[in-house]
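One structure below.
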Amino acid sequence: MRHFDPSIWRDGARGRRVTGPGSLGSRGGGPHFRLQAGQRFHRTDFPTVIWRVVTVYHDSQGLEHATLEDESRRLDEKTLSASALFDRSRYRLV
């Protein structure tokens, strides 16, 4: 059973969840996760390749993104949103 935390709701929000920077709600995250440089992820369908967060930034719409590099091939880089990285069906935190 989940614990209800009334602090996540604001008055008059009509059931919309309040999220802030770095959260994984409607703005690209979840309430308990924050991207930080140095975190390591692997794809659920290809767990042998580890991706390390190099930089974290917010785009013009306020969505959090990370630039990642492959730990075994440092020249391989990619950029993903926080919501993609914290989607457990796609990536897992190592």
Side-chain angles (χ1 to χ4, degrees):
M1 176 180 257
R2 289 185 156 191
H3 169 70
F4 176 72
D5 181 3
S7 67
I8 64 171
W9 302 96
R10 68 179 157 200
D11 295 333
R14 295 188 184 144
R16 290 176 290 180
R17 193 173 184 137
V18 176
T19 60
S23 66
L24 288 176
S26 62
R27 302 298 257 157
H32 304 294
F33 303 106
R34 288 198 61 118
L35 279 176
Q36 297 177 354
Q39 285 178 318
R40 299 164 66 223
F41 292 87
H42 69 80
R43 287 181 51 146
T44 55
D45 60 342
F46 199 51
T48 58
V49 176
I50 306 295
W51 293 92
R52 186 175 57 84
V53 175
V54 179
T55 59
V56 178
Y57 68 94
H58 291 83
D59 67 9
S60 61
Q61 296 178 350
L63 298 175
E64 192 171 40
H65 289 73
T67 303
L68 302 123
E69 72 178 7
D70 182 338
E71 286 197 339
S72 62
R73 296 177 55 176
R74 302 269 180 191
L75 296 177
D76 289 347
E77 287 189 351
K78 63 181 169 182
T79 300
L80 292 172
S81 68
S83 59
L85 280 171
F86 288 118
D87 179 353
R88 291 190 49 82
S89 68
R90 298 172 70 184
Y91 288 91
R92 297 281 167 94
L93 190 59
V94 177

Group every Ile, Leu, Val, Met, Phe, Trp and Tyr by side-chain heavy-atom contacts under 4.5 Å, then state whether Val54 and Leu93 land in the same group.
-> no
Using side-chain heavy atoms (C-beta onward) and a distance below 4.5 Å, is [X] in contact with [Y]?
X: Glu77; Y: Thr67; answer: yes
X: Phe41; Y: Leu80; answer: no
X: Val49; Y: Asp76; answer: no

Using a 4.5 Å side-chain heavy-atom cut-off and chaining through intermediate ILVMFWY residues, the residues clustered with Ile50 come out as Val94
Nearest 0.5 Å, please: how far is [atom2] in [Y] from [atom1] in [X]?
X: Gln36; Y: Thr55; atom1: CD; atom2: OG1; answer: 13.5 Å
X: Arg52; Y: Arg40; atom1: CZ; atom2: CZ; answer: 9.5 Å
X: Ser83; Y: Leu63; atom1: OG; atom2: CG; answer: 7.5 Å

Could you label the plane-to-plane angle of the Tyr57 and His65 rings as parallel, tilted or perpendicular, counting under 30° as parallel and over 60° as perpendicular?
-> parallel
Test of understanding: with side chain to side chain donor-acceptor pair (under 3.5 Å), list the residues that count as partners of [X], not counting sequence neighbours.
X: Gln39; value: none
X: Ser72; value: Asp70
X: Thr79; value: none
X: Thr44; value: none

Over all atoms of both residues, closest heavy-atom pair of Leu35 and Ala66 | CD1-CB, 3.8 Å
Looking only at non-hydrogen atoms, find the nearest pair between Arg43 and Tyr91 and report the distance.
-> CG-CE2, 3.1 Å
Partners passing side-chain contact (heavy atoms from CB on, under 4.5 Å) against Arg90 (at least two apart in sequence or in another chain) | Ala84, Asp87
Is the number of heavy atoms from other residues, nucleotides or ligands under 6.0 Å of Arg73 CZ greater than 12?
-> no
